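Below is one structure, written out as structure tokens; the observations come after it.
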Amino acid sequence: MVAPPDNDVLWARALHFQHHDGSPALSGVSLGVREGEILAVSGPRGSGKTTLLRCLSGLTPAQRGEVWFNSVPVHTMGTLTRERLRRDRFGWIDPVPVLVPELNVWENAALPLMLRGTSRRRAKTSAVEWLERLDIGDSIRKRPHQLHQAERQRVCIARALAPAPSILFADEPTAPLHRADRAHVLRTLTTAARSHGITVVLATHDAETAALADRTVSLLDGRCVTTVHLPPVAETEGRAACSLSV
Amino acid sequence: MLALRLTRGARPAVQLRRLLVAVASAGTGFLLLCTLGHALSHPDDPAASLLRLAWCLTPLAATVYFAVAVARTDPGTRPRPGLAAIGLGPARLMAVSATTTALSCTLGSMLALLVFLHLRGDLTGLPFDGAAAHALAADSPLPLPATVTLLSLVPAIASVSAAMTLRPQGAKGMFGTRWRGSLRRPDARQAAGGAFGRPSAGIRATGAAPVPRKGGTTPAPVRAAHVPTATPATPQPDPDLTHTTAPPPTPDGLPWGITILAAGLATEAYAIQAGNPPGLTLPGGTATAPAVLIGWLLTALGLALAGPGLTHLCGHLLQSARPGPLRLLAGRILMAEATRIGRPLGVVCAVASAAYAVITLYDTADPSFGPLTLLGAALVSGCTVATLLTAALEAKQARADTTAALLRLGAPTAMLRSVAALRAGALLTVFVPLTLAVARLAALPLAR
């Protein structure tokens, strides 16, 4: 077991993961995330971005390989310890906003803080502060079903940012949004992260989104690649063959 | 055929629920056939036979209620994107659901017929041959049309009720009809109104990391493809408009329920005070005034009506006064699930209070419960309790994706369990004393 470099807040080495049905997801991914940076994990659909984020955040234990967070091994932790680590140090944003439908907006945003044991009043203050920064300060008493999809996604971002996590994992946070909403959501997310020194690991298949990040790691078929060399797409492959044969 | 294949491929827990429906249907069918036997052996007393037939309505209603609850939770007959894409939309799935219900109920009816014939002595070769030959009119032949009619009652009513409950309601959006249960079913919106869902949703959900499920009931991957919602192989959120559907409205039946409950209790007390002649024979053999029975029925109806409102009130009290996450989640979930949980809970309370009243009444008198009365009572209580448990399961299934999201946030599983325990405790605290009080009040006039 090699100790990780000191300047990396999160460090993974040779992660291997295979789904239950045997299909491979990750085959030997290694990466390091420096403190305070925004790292984009890019790649097409099915390249293992979500699985990589889940392994890094301790949601799913990798089958082989190591994950270190601040020189603490995550891959050897038990379920309960990983759960506490996720609650106390990590934030997570889903591709679609999943809020608790019974709670109103500020209660949703304050829930992770309250789960950590913060008092209700302080949790509310902090959550409302973030909601105002994300332009939904005037609807903090609404229920999630009364909001638009983009507003709900911003509530999710506020929920992830309010506890001031060390690392924020965002799994395609703008996937279901239109371009205007997408730009707004991304801008607020990156600005908030930079101003508060939050490390962000951002999974995306979109080159525009990846351009906002400090650094990009490309995944292809479960492997880290530096340059993607795919054979050029033959536009008229089938048609040409047909015309020849006739 | 598709209904049969879907039925066969289900998980053991689902099969167990269907088996319970079959057992309930068998019990009800047997009671109906016994009524027929009574009518055959007492051709000179049609009033008594009719009364027995009328008493069979209670287990019949309980069985149908349970069958519908099981049909609602059946993962095999719920909308799925893949099936909707090949043309098996909500309407066809409703037919499949009705067929499945009819299958289990028919199985039960056949079982009832076998037991009945065996006890009459028509089928030989097993112990207890013709043990009840005298009571079941073994000397006269069994009329076929009556038997078939009685035995088809449960399957027919249950499947029609299941179809009515699960029917697609109204046209909504360009993707056709909206599933009636879609407010509660996590993936129903995906199939019915999935215009905004990501196109690769199904692929993503099955292809992404399958996490070992809690509780050790991890199914084989092939099975997971059969029943996608009951086994969330991965806690990926459903790519639907997760919270665009408005929450169910606040139940408003509480005043009505309390009024009817009070009216029922008053009717009973008045009937006894007025000294009405006992003209009605209860299944236990005791004669009582019809007004008392009406009072009991009103009491039961009132409890069933007040159930959702009481559950909502319970949740409201639980989350009031600056709650922490535990009370907040427990109370709000209880408020949201008030209708789904409260209705069967009210029915269970009504049955329990009736049972309590009957037990206290018949304790001192001559205990003359026949086996058929016991069977009927067991059927009614078993079906109502099973319906309550099924409703709780349905609520759990509907909340699966929210629970998964909470777990991704790092909410401790222990806390989620305590939330569930707190909900159950709050409901027990309210409903157990209520049941006891109603039962005492109902038994009070009769005991004097």
Side-chain angles (χ1 to χ4, degrees), chain A residues 17 19-23 25 45-46 48 50-51 54-55 57-60 79-80 82-92 94-104 107 110-117 119-121 123 143-149 152 156 159-160 163 171 175-176, chain B residues 196-198 200-201 203-204 206-212 214 218-222 224-225 233-247 315 319 322-326 328-337 399 401-415:
Chain A
F17 190 85
H19 291 309
H20 279 213
D21 54 357
S23 47
R45 285 233 166 93
T50 303
T51 312
R54 294 176 64 89
C55 287
S57 66
L59 271 170
T60 318
T79 316
L80 285 178
R82 271 188 284 126
E83 192 178 272
R84 196 176 315 128
L85 177 75
R86 274 209 313 279
R87 184 165 70 242
D88 293 344
R89 311 301 297 271
F90 292 165
W92 179 275
D94 279 313
V96 284
V98 186
L99 300 168
V100 184
E102 292 88 13
L103 306 184
N104 64 26
E107 284 165 340
L111 191 61
L113 274 169
M114 288 203 271
L115 287 176
R116 284 184 185 186
S119 77
R120 186 180 162 87
R121 184 192 301 269
R143 288 291 179 90
H145 69 91
Q146 295 167 310
L147 301 179
H148 296 297
Q149 181 89 332
R152 280 199 290 273
C156 277
R159 178 175 71 178
D171 181 13
Chain B
F196 304 90
R198 281 191 299 175
S200 67
I203 301 163
R204 198 176 177 87
T206 46
V211 171
K214 309 271 183 304
T218 312
V222 182
T234 149
Q236 281 282 339
D238 276 330
D240 53 7
L241 300 175
T242 311
H243 307 299
T244 41
T245 46
Q319 57 92 47
R322 314 187 59 76
L326 193 67
L328 188 68
L329 280 176
R332 290 290 170 82
I333 293 172
L334 209 51
M335 284 163 75
E337 304 289 331
R399 300 190 47 78
D401 51 345
T402 314
T403 312
L406 280 175
L407 286 176
R408 274 196 299 277
L409 280 184
T413 31
M415 199 210 73

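Keep in mind that what you see is a predicted model, and the values were worked out from it rather than measured.
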Using a cut-off of under 4.5 Å for heavy-atom pairs, which of L406(B), L329(B), L409(B) has the most such pairs with chain A? L409(B)
Can you tell me which of A411(B), A336(B), G331(B) forms the most heavy-atom pairs within a distance under 4.5 Å of chain A? A411(B)
Rounded to the nearest 0.5 angstrom, the CG-CG distance for L99(A) and L111(A) is 10.0 Å
Reported CZ-to-OG1 distance for the pair R408(B) and T403(B), which is rounded to 0.5 angstrom: 10.5 Å
At a heavy-atom separation under 4.5 Å, does R159(A) approach chain B through its side chain, its backbone, both, or neither? side chain
R332(B): side-chain contact (heavy atoms from CB on, under 4.5 Å) partners, not counting sequence neighbours: E102(A), L103(A), E107(A), R143(A), Q319(B), L328(B), M335(B)
Mind checking side-chain hydrogen bond (donor to acceptor under 3.5 Å, both in side chains) for R87(A) and listing every partner two or more places apart, or none if nothing turns up? none
Any chance you could lay out the side chain to side chain contact (heavy atoms under 4.5 Å, CB included) test for R54(A) and D171(A), step after step, and finish with the verdict? CA-CA 9 Å; R54(A) 294 176 64 89; D171(A) 181 13; over 6 Å; no
Highest number of heavy-atom pairs under 4.5 Å with chain B among H148(A), R86(A), R116(A) belongs to R86(A)
Quick check on L326(B) against chain A: is it the side chain, the backbone, both or neither that has a heavy atom closer than 4.5 Å? neither
